[in-house]
Amino acid sequence: DLHSSIEIPDKVKADAPVYVGKEEDIKQSQRITASVHDREVVVFYHEGKFYAMDRRCYHAGGPLHLGEIEDINGQPCIICPWHKYKITLATGEGLYQAINPTEPSATPKWRSKGIKQRTHKVTVDNGSVYVTPSDLSISCDSDYYADKYKKTGSSDM
Ligand code: FES
């Protein structure tokens with residue numbers, strides 16, 4: 001019967017890997033943006049590794065795909081172009097510089113504010129790159145902007 005189709009339950013669909021581009025292309029451009037199950041994400045290729053996270057900064061929705069990558073304590077971080085928040089690519093932690101007022105001469109140390117930006121799993125299979133959304137039942141600070149920008153589409157600013 002030509003009219004029959006297989007129904008895939010929503011739950012299965014929502015966490016299935018989504019093809020985002022060719023490995024070679026992303027290695028060359030170093031970053032791309034993509035829609036993964038209605039969610040705007042950015043995929044980075046940095047020093048031999050792929051990373052994916054929500055595209056809108058957890059702080060106020062800044063465009064992380066336009067930020068610079070910097071190493072902080074050996075962890076690659078994206079610097080949000082809007083207010084310069086630093087977010088680790090691997091885990092989505094927000095970093096801040098802690099200054100101990102009782103030791104004013106000490107160099108400020110980088111500390112984590114905890115996981116703020118939702119990261120997603122990247123897999124490469126036979127030259128194709130896929131993003132698998134992380135578990136959406138566990139909420140994350142960046143979810144608010146991920147939802148908000150979902151409706152307005154993917155303009156660059
Ligand atoms: Fe990213 Fe404020 S929106 S630092």
Side-chain angles (χ1 to χ4, degrees), residues 13-23 25-124 129-157:
K13 273 200 294 201
D15 43 27
V18 171
Y19 171 77
V20 294
K22 285 195 189 128
E23 182 181 6
D25 293 346
I26 303 173
K27 281 183 171 173
Q28 201 157 38
S29 65
Q30 311 262 292
R31 60 181 69 184
I32 57 150
T33 58
S35 259
V36 173
H37 299 297
D38 241 9
R39 202 172 179 96
E40 295 302 311
V41 304
V42 53
V43 179
F44 296 106
Y45 180 75
H46 179 73
E47 293 183 347
K49 283 188 188 154
F50 287 99
Y51 304 90
M53 59 173 55
D54 285 354
R55 184 153 90 80
R56 292 287 166 179
C57 176
Y58 73 88
H59 175 226
L64 294 182
H65 58 293
L66 303 178
E68 303 274 325
I69 295 173
E70 215 174 83
D71 258 53
I72 295 171
N73 283 348
Q75 303 184 88
C77 294
I78 186 76
I79 317 294
C80 179
W82 281 7
H83 316 98
K84 311 294 175 200
Y85 277 28
K86 293 159 178 57
I87 301 167
T88 64
L89 292 185
T91 57
E93 284 168 81
L95 298 186
Y96 70 102
Q97 261 187 323
I99 296 164
N100 182 347
T102 65
E103 290 176 70
S105 64
T107 319
K109 287 195 172 68
W110 286 101
R111 299 256 159 95
S112 173
K113 301 185 217 179
I115 293 172
K116 299 289 187 181
Q117 193 72 21
R118 186 182 289 285
T119 55
H120 305 282
K121 194 170 130 203
V122 184
T123 44
V124 181
V129 179
Y130 299 84
V131 171
T132 308
S134 65
D135 184 355
L136 297 175
S137 68
I138 298 160
S139 71
C140 203
D141 290 31
S142 65
D143 291 347
Y144 173 79
Y145 292 101
D147 280 352
K148 188 175 163 182
Y149 282 95
K150 176 158 76 180
K151 284 148 202 133
T152 57
S154 54
S155 74
D156 267 350
M157 286 304 290

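For the single chain, residues carry numbers from 1 onward in sequence order. Order of appearance sets the numbers: ligands from 1, and atoms from 1 within every ligand. As a basis for the values below, the full set of heavy atoms in this structure was taken, side chains included, without hydrogen atoms, waters or symmetry mates.
Within His83, the N, O or S atom lying nearest to atom 2 (Fe) of ligand 1 carries the name ND1. Taking the N/O/S atoms of His59 in turn, the shortest distance to atom 2 (Fe) of ligand 1 belongs to ND1.
For Cys57, the nearest N, O or S atom to atom 1 (Fe) of ligand 1 falls under 2.8 Å. Metal site remark for atom 2 (Fe) of ligand 1: Cys80 contributes no N, O or S atom at a distance under 2.8 Å.
Residue Gly62 has at least one heavy-atom neighbour below 4.0 Å for each of these atoms of ligand 1: 3 (S). For ligand 1, the atoms closer than 4.0 angstrom to any heavy atom of Ala60 are 3 (S).
Relative to the ring axis of Tyr85, Lys113 places its NZ or CZ within 45° and under 6.0 Å from the centre.
With Asp54 as the fixed residue, the salt bridge (Lys or Arg N to Asp or Glu O under 4.0 Å) test singles out one of Arg39, Lys148, Lys116: Arg39.
His46 and Tyr51 have tilted rings, their planes meeting at an angle from 30° to 60° on a 0 to 90° scale.
In Trp82, the part holding a heavy atom less than 4.0 Å from any atom of ligand 1 is the side chain.
Here the straight-line distance linking atom CH2 of Trp110 with atom CD1 of Ile72 works out to 4.5 Å at 0.5 Å rounding.
At a cut-off of 3.5 Å, with distance as the only test, a side-chain donor of Ser134 or Arg118 sits close to an acceptor on the other residue.
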